[in-house]
Protein chains: 2
Amino acid sequence: MADTSKTVAATLPINTILDGDCIERMNALPAESVDLIFADPPYNLQLKGDLHRPDNSHVDAVNDHWDQFDSFRAYDDFTKAWLKAAHRLLKPNGAIWVIGSYHNIFRVGATLQDEGFWLLNDVVWRKTNPMPNFRGKRLTNAHETLIWASKSEKSKYTFNYEALKALNEGVQMRSDWVLPICTGHERLKDEKGDKAHPTQKPESLLHRVMVATTNPGDVVLDPFFGTGTTGAVAKMLGRDYIGIEREAAYRKVAEARLARVRKFDSDAIQVSKSKRAEPRIPFGQLVERGMLRPGESLTSLNGRYTAKVRSDGTLVRKDVTGSIHQVGAALEGAPSCNGWTYWHFKRDGKTVPIDQLRQQLRKELF
Amino acid sequence: MADTSKTVAATLPINTILDGDCIERMNALPAESVDLIFADPPYNLQLKGDLHRPDNSHVDAVNDHWDQFDSFRAYDDFTKAWLKAAHRLLKPNGAIWVIGSYHNIFRVGATLQDEGFWLLNDVVWRKTNPMPNFRGKRLTNAHETLIWASKSEKSKYTFNYEALKALNEGVQMRSDWVLPICTGHERLKDEKGDKAHPTQKPESLLHRVMVATTNPGDVVLDPFFGTGTTGAVAKMLGRDYIGIEREAAYRKVAEARLARVRKFDSDAIQVSKSKRAEPRIPFGQLVERGMLRPGESLTSLNGRYTAKVRSDGTLVRKDVTGSIHQVGAALEGAPSCNGWTYWHFKRDGKTVPIDQLRQQLRKELF
DNA sequence: AACACCGTTGAATCTGCGC
DNA sequence: TGCGCAGATTCAACGGTGT
């Protein structure tokens, strides 16, 4: 009788990068042989014209051929095909992560459900330093979405609850992860000094994914390997990886990168993890949350002026409008003014600086 | 000839709650009559009796074999039906918000795209106080997803950029919104003291949605009205609402709630407007009115170039002539240039951007 | 050595009006 | 409907240079 596990191990190209089409390559690998799949598929961004920053510099868009699809239908067909192949490859208790943006993630999520995957969480990667919206026409696109799903509803998937709790200073890990985008020395460059890949993901993101949902020795496959972030973090953490990448240029960069990586050498990850945004509380939040009503009057520190709160968190007094700081400064004829201590409101007959509301909210939020 | 706008206004049941099925009700309202739709659709797939096929035939859950595929297809049919009705109802420049969780939002998002809506942002509502994951088997589900989409790619949707920037203390608003869930006094109770609705949304969330994407006087429709958070915030902010709700118990709570709500002062619901909304002033008017003399020299922002004002409101420098914008762009080798902030003139020894003259003239004229 | 300043850059569906 | 043109629009972090 053949020892299946040995056969599989023998034919599984552990810790290598395969070239070619990911669907064909996945279909050529043995079924039920992989513990985790991490996939960063093309987003189908559908960008049209050029975009410039307010300083007139040009934004380097993702206009690579591999991100172009003719229609939603074409994108759905592609998605269904690679997800079918992924499903076949996973061990019964295996799981998958897929990352995307609003351009593609809804189609990916629906297809995952259609193909029998069982959604476990959607996770939001909140970027500390996203690219702003230069034209002021939409909200800053400050996050991407990851979907974590098991192979089936019955899967006994891996989830290292305590490890993630430890990563989060003793509190249960939430579904929103605050991490910076990949910049600085971590960002790989080509020979010309340009970025080697337009959408390189930060190692901190993969670190959290793998600590959460794999164990040492697990096999992690990435069908859109790019410059190999998945492989690099897998190697650091003592997991085995299989990468698939069509573009020779990306494979070359990934090979060099992986040769440099040492197991457990995760200093950079620890550093990026410690970055935390200061708890800034906009005045507008007090209004949105009903702590101050639009139309309510605020009084200045010296009692000389009053101003009315507007629904967008600005103040108005006669023809002067602006932030709590701007209106205070204008009334006092001063170059600047701390609105938090300058403006007061009345509660139960007492006059209180609005800063007290901010402190109250800080306690609630953090 | 009938006056369509009057007919529409007459037949539009402003500031009321309609009972019955939202698809039927929406289809009975006049097309292209609503500015914004906010929808919090049901997604509990156990409530299969809630589902209707597009032809409005009822889905019989009791005896059906509800394998996963049928269940998703029924939900998709339901989603497609109410989104089609919503699309018909929206004015050409109208928009929609839909909120959901990973159970349904991927199907909703894909259907939105399939039905011709144009996705503008996905927004993450990050809950400050989510329910923990008691069994420790997954991440704390600490967010919900909203999708903001315009009726079509061509829509000139409403986005009060400056107001949202003001709400966020002068930094442009991001796609992740940190807000607490609905608790305390805001949470409505029934006669028995239990929560009146299982998924009541916080008013702060609707406040931000409406400040961002509607103007006072707009008509906001909510096809899954529940206990009327959409209507309450619409009323406060001087917007008109239409609610649709099947459950009599929710309608009753919502009616009582809306009777209590008071509108904010009209100057409090005004928000900061962008410069684009201000009346346009041609540069030539400054010359005509003698604020700048023909022959006078202007200096570039960086001090590197000068150009001479001509009597027709164009500039000239050597062989380059044209508008303030064209000459600025040509000198900088930039694709475009805002001449108002680029060009400066001298008065009393000080160098001042010509935009200051425009602001001065605006005050005189308007 | 420490800090200030400046240029660069990142998965982006990024204008609106008038002729 | 397309084209031309006025003119509005950015946040955080990194790295290099200057004080």
Side-chain angles (χ1 to χ4, degrees), chain A residues 40-64 66-69 72 99-105 125 127-145 180-187 189 193-195 197-202 224 226 272 275 277-278, chain B residues 93 113 117-122 148-150 153-154 156-157 159 161-162 165 168 170-175 273-278 280-284 313 322-329 334-343 354-355 358:
Chain A
D40 183 8
Y43 287 8
N44 188 24
L45 284 189
Q46 311 166 63
L47 302 178
K48 300 204 170 80
D50 274 7
L51 182 64
H52 293 86
R53 299 186 180 80
D55 65 3
N56 276 322
S57 62
H58 183 255
V59 175
D60 186 15
V62 179
N63 47 16
D64 305 76
W66 48 255
D67 199 46
Q68 316 287 335
F69 293 84
F72 284 135
I99 183 168
S101 69
Y102 68 86
H103 309 84
N104 72 323
I105 198 66
W125 169 27
K127 304 179 185 182
T128 57
N129 49 348
M131 190 161 80
N133 186 290
F134 296 117
R135 308 301 295 266
K137 302 309 290 182
R138 303 181 180 193
L139 300 161
T140 308
N141 202 350
H143 74 275
E144 293 188 31
T145 302
I181 60 175
C182 182
T183 59
H185 293 302
E186 189 185 325
R187 188 87 194 204
K189 303 287 194 291
D194 299 326
K195 59 188 173 192
H197 192 282
T199 70
Q200 187 184 340
K201 297 294 176 288
F224 308 99
S272 52
K275 284 176 193 161
E278 284 298 308
Chain B
N93 293 331
Q113 291 179 312
F117 290 94
W118 189 245
L119 303 197
L120 297 168
N121 276 117
D122 60 335
W148 172 37
S150 59
E153 184 177 354
K154 305 255 185 283
K156 291 172 188 155
Y157 55 89
F159 180 54
Y161 175 76
E162 291 295 340
K165 195 169 168 178
N168 200 30
V171 183
Q172 69 176 207
M173 185 67 81
R174 301 166 38 115
S175 56
K273 284 290 176 188
S274 119
K275 273 194 201 168
R276 273 183 275 251
E278 301 202 48
R280 212 175 73 85
I281 297 199
F283 176 71
S323 71
I324 51 173
H325 316 293
Q326 289 168 333
V327 175
S336 72
C337 169
N338 184 345
W340 290 107
T341 50
Y342 181 76
W343 292 109
I354 58 175
D355 195 44
R358 179 170 65 158

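Below, chains carry the letters A, B, ... as their sequence lines are ordered, and counting in each starts from 1. Both backbone and side-chain heavy atoms feed into the values below; hydrogens, waters and symmetry mates do not.
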Touch check for Pro41(A), heavy atoms < 4.0 angstrom, all strands: base, sugar-phosphate only, or nothing?
base

Using whole Å, what does the distance between atom P of nucleotide dG10(C) and atom CG of Leu51(A) come to?
13 Å

Considering every strand and a 4.0 Å limit on heavy-atom distances, what is the contact class for Ile281(B): base, sugar-phosphate, or nothing?
sugar-phosphate

Under 4.0 angstrom, heavy atoms only, what part of the nucleic acid is Glu162(B) near: base, sugar-phosphate, or nothing?
sugar-phosphate

C1' spacing across the pair dA13(D) / dT13(C), given as an integer number of angstrom:
26 Å

Could you report the tightest heavy-atom contact between Cys337(B) and Asn56(A), atom names first, then the distance?
CA-ND2, 4.4 Å

Which part of the nucleic acid does Arg358(B) contact within heavy-atom distance under 4.0 Å: base, sugar-phosphate only, or nothing?
sugar-phosphate

Please state the P separation for the pair dC14(C) and dG18(C) - nearest whole angstrom.
23 Å

Salt bridge Glu278(B)-Arg358(B), side-chain N to carboxylate O under 4.0 Å:
no

Would you mind reading off the distance between Glu153(B) atom CD and dT13(C) atom P, rounded to a whole angstrom?
13 Å

Tell me, please, which residues at least two apart from Arg135(A) pass salt bridge (charged side-chain N to carboxylate O under 4.0 Å, His left out).
none

What is the distance, to the nearest angstrom, from the CG atom on Asp55(A) to the P atom on dG7(C)?
10 Å

dA6(D), dC11(D), dT13(C): which one has an atom nearest the side-chain heavy atoms of Lys165(B)?
dC11(D)

What is the nucleic acid contact for Phe283(B), judged by heavy atoms within less than 4.0 Å: base, sugar-phosphate only, or nothing?
nothing

Tell me whether Trp118(B) and dT13(C) count as stacked here, given that the ring centres must be under 5.5 Å apart and the planes must differ by less than 30 degrees.
yes

Of the listed dA12(C), dA11(C), dT13(C), the closest approach to the Ile181(A) side chain comes from dA11(C)

P gap between dT8(C) and dA8(D), integer Å:
25 Å

Looking only at heavy atoms, what is the nearest atom pair of Pro198(A) and Asp64(A), with distance?
CG-OD1, 3.6 Å

Spatial distance of atom CG (Asn121(B)) from atom OH (Tyr102(A)) [nearest 0.5 Å]:
6.0 Å

Pairing stems for DNA chain D [at least three consecutive pairs; Watson-Crick or G-U; under 3.5 angstrom]
C:2-10 with D:11-19, C:15-19 with D:2-6

Do Ser323(B) and His325(B) have side-chain N/O donor and acceptor atoms under 3.5 Å apart?
no

Going by ring-ring contact (aromatic ring centres under 6.0 Å, His included), name the residues that satisfy it together with Phe159(B), two or more places apart in sequence or in a different chain.
Trp148(B)

With sugar-phosphate meaning primed atoms plus P, OP1 and OP2, does Asn338(B) contact a base, only sugar-phosphate, or nothing at under 4.0 Å between heavy atoms?
base

Given the 90°-from-0 boundary between syn and anti, dT8(C) should be labelled anti

Could you pick out which residue, Pro130(A) or Gln326(B), lies toward the 5' side of DNA chain D when each is mapped onto its nearest nucleotide?
Gln326(B)

With a cut-off of less than 4.0 Å, is there a side-chain N or O of Asn141(A) near OP1 or OP2 of dT13(C)?
yes

From CZ of Phe134(A) over to C1' of dT9(C), roughly how many Å is that when rounded to an integer?
8 Å

So which protein N/O to nucleotides 15-17 of chain D N/O distances come out below 3.5 Å?
residue, atom, partner, partner atom, Å
dG15(D), OP1, His185(A), N, 3.4
dG15(D), OP1, His185(A), NE2, 2.8

Using atom names, set out every protein N or O paired with an N or O of nucleotides 16-18 of chain C below 3.5 Å, distance rounded to 0.1 Å.
residue, atom, partner, partner atom, Å
dG16(C), OP1, Lys137(A), NZ, 2.9

Residue pair Thr199(A) / Asp40(A): nearest heavy atoms and the distance that separates them:
O-OD2, 4.1 Å

To the side chain of Val171(B), which of dA11(C), dA12(C), dA12(D) is closest?
dA12(D)

What's the gap between dG7(D) and dT9(C) when it is taken at their C1' atoms, as a whole Å value?
25 Å

Any donor and acceptor pair, going by atom type alone, linking the side chain of Asp67(A) with main-chain N or O of Leu45(A) inside 3.5 Å?
yes

I'd like to check Pro42(A) versus Trp66(A) (side-chain heavy atoms, cut-off strictly below 4.5 Å). Are they in contact?
yes

Rounded to whole Å, CZ of Arg174(B) lies from P of dG10(C) at a distance of 18 Å

Thr140(A) and Gln172(B) have their tightest heavy-atom pair at OG1-OE1, 2.7 Å

Once you apply a heavy-atom cut-off of 4.0 Å, does Asp67(A) come out as touching a base, just sugar-phosphate, or nothing?
base

Heavy atoms from C-beta onward define the side chain here; which of dG7(D), dT10(D), dT13(C) lies closest to that of Gln46(A)?
dT13(C)

Take Phe117(B) and Arg53(A), find for each the nucleotide of DNA chain C with the closest heavy atom, and name the residue whose nucleotide sits nearer the 5' end.
Arg53(A)

Just to be sure I understand the rule, does Gly100(A) reach a base, reach only the sugar-phosphate, or reach nothing, if contact means heavy atoms closer than 4.0 Å?
nothing

For atom OH of Tyr342(B) and atom C1' of dA6(D), their distance in whole Å
17 Å

CG of Asn141(A) to NZ of Lys127(A), rounded to nearest 0.5 Å, is 7.0 Å

For Cys182(A) and Lys201(A) the tightest heavy-atom approach is CB-C, 4.0 Å

C1' spacing across the pair dA12(C) / dA6(D), given as an integer number of angstrom
24 Å

Closest nucleotide among dT13(C), dT10(D), dT9(D) to the Pro132(A) side chain:
dT10(D)

Check: Lys154(B) and Trp118(B) side chains under 4.5 Å, non-hydrogen atoms
no

Using a heavy-atom cut-off of 4.0 Å across all strands, would you classify Asp64(A) as base, sugar-phosphate, or nothing?
nothing

Tell me the interatomic distance from Gln172(B), atom CD, to dA8(D), atom P, rounded to whole angstroms.
17 Å

Polar side-chain contact Ser336(B)-dA6(D) base: donor and acceptor under 3.5 Å:
no

Side-chain N or O of Arg135(A) versus OP1/OP2 of dT15(C): is the shortest distance under 4.0 Å?
yes

Which listed nucleotide (dA12(C), dT9(D), dT10(D)) is nearest to the side chain of Tyr102(A)?
dA12(C)

Any donor-acceptor pair under 3.5 Å joining the side chain of Lys201(A) to the base of dA11(C)?
yes

Nearest atoms (heavy-atom pairs only) where Ser175(B) meets Ala142(A):
OG-N, 2.8 Å

Taking salt bridge (charged side-chain N to carboxylate O under 4.0 Å, His left out) as the definition, give me every residue that meets it alongside Lys195(A), ordered by chain and number, with sequence neighbours left out.
Asp60(A)

Just N and O in the side chain of His325(B): are any of them under 4.0 Å from OP1 or OP2 of dG7(D)?
yes

Rounded to the nearest Å, what distance is computed from the CD1 atom of residue Ile324(B) to the P atom of nucleotide dC5(D)?
15 Å

Taking only the P atom of each, what is the distance from dA11(C) to dT9(D) in whole angstrom?
25 Å

